[in-house]
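Here the structure comes first, spelled out in structure tokens, and everything after it is commentary.
Keep in mind that the numbers below use all heavy atoms, side chains included, and drop hydrogens, waters and symmetry copies. Note that the numbering runs from 1 along the sequence shown for the chain.
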Amino acid sequence: MIGLFKVKEKQREQAQNASRGGGGASVKKQSAGELRLHKDISELNLPSSCTITFPNGKDDLMNFEVSIKPDDGYYHNGTFVFTFQVSPVYPHEAPKVKCKTKVYHPNIDLEGNVCLNILREDWKPVLNINTVIYGLFHLFTEPNSEDPLNHDAAQVLRDNPKLFETNVRRAMTGGYVGQTFFPRCI
């Protein structure tokens with residue numbers, strides 16, 4: 001939280017210098033969403049198997065990536081990368097999350113769309129980025145065949161969990177499941 005106050009204090013000083021003709025660069029006012037996101041990121045408490053990176057640098061907090069490497073379950077030792085796009089009206093709108101890693105999963109389709117209730121109808125402003133990351137992590141430890149985006153994977157999980165496990169391993173090691181090729185992610 002102290003880091004947040006330092007950012008605001010520095011912005012105030014720069015704005016005062018600029019208004020006095022100090023020749024300083026103009027200061028970009030942070031939106032409420034940016035301020036809240038800065039707080040959320042500074043308070044992150046991620047599992048050791050998750051990492052966060054900022055491909056556009058620390059100046060663009062509204063777009064970042066999270067890598068999840070499950071330590072058990074069907075997806076053990078795979079690495080799955082998610083992009084987060086956060087709206088300026090965050091937390092009143094859920095972040096947009098996509099999976100960059102092509103994965104055989106009942107709750108993630110082949111285009112990377114993610115089916116997670118807290119990213120849709122169950123989003124509330126009291127939720128935060130930490131909650132979303134734990135929700136994504138949970139999808140890998142306990143995939144949900146009852147609310148699928150990939151209906152084929154969901155049906156195999158429901159009807160034949162052993163075949164589902166074989167398909168997941170084949171996909172993660174770089175291979176075909178049916179007519180679909182999955183790049184290696186393990």
Next item on the list: Measure the CE-CD distance between Met62 and Gln30 for me, rounded to the nearest 0.5 Å.
Entry: 9.5 Å
Item checked: Asp60 CG to Glu34 CD distance, which is reported to the nearest 0.5 Å -> 8.5 Å
Notebook entry, point to check: Would one find more than 12 heavy atoms of other residues, nucleotides or ligands at under 6.0 Å from atom CZ of Phe54?
Noted result: yes
Notebook entry, point to check: Do Lys69 and Cys50 have side-chain heavy atoms sitting under 4.5 Å apart?
Noted result: no
Margin query: Show the nearest heavy-atom pair for residues Leu157 and Tyr74, with the distance to one decimal.
Written below: CD1-OH, 3.6 Å
Checklist line | Side chain to side chain, Lys96 and Thr83, heavy atoms closer than 4.5 Å | finding: no
Next item on the list: Taking all non-hydrogen atoms of both residues into account, name the closest pair between Pro106 and Ser145 and its distance.
Entry: CB-CA, 4.5 Å
Notebook entry, point to check: Do the side chain of Asn117 and the main chain of Asp122 share a donor and acceptor less than 3.5 angstrom apart?
Noted result: no
Next item on the list: Evaluate ring pair (Phe, Tyr, Trp, His ring centres under 6.0 Å) for Phe164 paired with Tyr104, printing each intermediate quantity in order.
Entry: CA-CA 9 Å; Phe164 180 79; Tyr104 179 79; 5.5 Å; yes
Note to self: Is the shortest side-chain heavy-atom distance between Thr141 and Asp72 below 4.5 Å?
What the structure shows: yes
Next item on the list: For the residue pair Val86 and Phe64, establish whether any side-chain heavy-atom pair is separated by less than 4.5 Å.
Entry: yes
Check: Tell me, do Leu136 and Phe84 make a side-chain contact under 4.5 Å, heavy atoms counted?
Finding: yes
Notebook entry, point to check: Should Leu110 and Ile108 be regarded as members of a common hydrophobic cluster, given that ILVMFWY residues are connected when their side-chain heavy atoms come within less than 4.5 Å of each other, either directly or indirectly?
Noted result: yes
Check: Does the side-chain contact (heavy atoms from CB on, under 4.5 Å) test come out yes or no for Glu65 and Lys100, once each step is laid out?
Finding: CA-CA 9 Å; Glu65 293 181 349; Lys100 284 178 66 173; 2.7 Å; yes
Margin query: Heavy-atom count check: over 12 atoms from other residues, nucleotides or ligands less than 6.0 Å from Asp159 CG?
Written below: yes
Notebook entry, point to check: Rounded to the nearest 0.5 Å, how far apart are CD1 of Ile118 and OH of Tyr134?
Noted result: 12.5 Å
Next item on the list: First locate atom SG of Cys185, then atom CZ of Phe80, and finally report the distance between them rounded to the nearest 0.5 Å.
Entry: 4.0 Å
Checklist line | Sub-6.0 Å ring centroid separation between Phe140 and His76 | finding: no
Checklist line | Step-by-step side-chain contact (heavy atoms from CB on, under 4.5 Å) determination, Asn130 to Glu43 | finding: CA-CA 8 Å; Asn130 208 58; Glu43 295 174 353; over 6 Å; no
Notebook entry, point to check: Would Val156 end up clustered with Tyr176 when hydrophobic side chains under 4.5 Å apart are linked, directly or stepwise?
Noted result: no
Notebook entry, point to check: Out of curiosity, Ile52 CD1 to Leu46 CG, how far, rounded to the nearest 0.5 Å?
Noted result: 6.5 Å
Item checked: Closest non-hydrogen atom pair between Ile186 and Asn77, with its separation -> CG1-O, 3.5 Å
Note to self: Hydrophobic clustering (ILVMFWY, side-chain heavy atoms < 4.5 Å, transitive) - are Leu37 and Leu35 grouped together?
What the structure shows: no
Notebook entry, point to check: Is Asp109 salt-bridged to Lys98, going by a charged N under 4.0 Å from an acidic O?
Noted result: no
Notebook entry, point to check: In the single-linkage hydrophobic clustering (I, L, V, M, F, W, Y; side-chain heavy atoms under 4.5 Å), do Val81 and Phe182 co-cluster?
Noted result: no
Notebook entry, point to check: Does the side chain of Thr166 come within less than 4.5 Å of Val168's, by heavy atoms?
Noted result: no
Notebook entry, point to check: Less than 4.5 Å apart, any side-chain heavy atom of Pro55 and any of Asn63?
Noted result: no
Margin query: Using the rule given for side-chain contact (heavy atoms from CB on, under 4.5 Å), can you reason through Leu61 versus Ile41, listing the C-alpha separation, both sets of side-chain angles and the distance that settles it, and then say yes or no?
Written below: CA-CA 9 Å; Leu61 289 183; Ile41 289 171; 4.2 Å; yes
Next item on the list: Give the minimum heavy-atom separation between Leu139 and His105, together with the two atoms involved.
Entry: O-NE2, 2.8 Å
Check: Do you know the tightest heavy-atom contact between Phe82 and Val97?
Finding: CD2-CG1, 3.9 Å
Check: Under a 4.0 Å N-O cut-off, is there an ion pair linking Glu165 with Arg169?
Finding: no
Margin query: So Val132 and Phe137, do their side chains get closer than 4.5 Å, heavy atoms only?
Written below: no
Note to self: Working to the nearest 0.5 angstrom, can you tell me the gap between Asn128 CG and Ile133 CD1?
What the structure shows: 9.0 Å
Checklist line | Val103 to Tyr75 - nearest heavy-atom pair and separation | finding: CG2-CE2, 3.8 Å
Notebook entry, point to check: Between the main-chain N or O of Pro125 and the side-chain N or O of Arg36, is there a donor-acceptor pair closer than 3.5 Å?
Noted result: yes
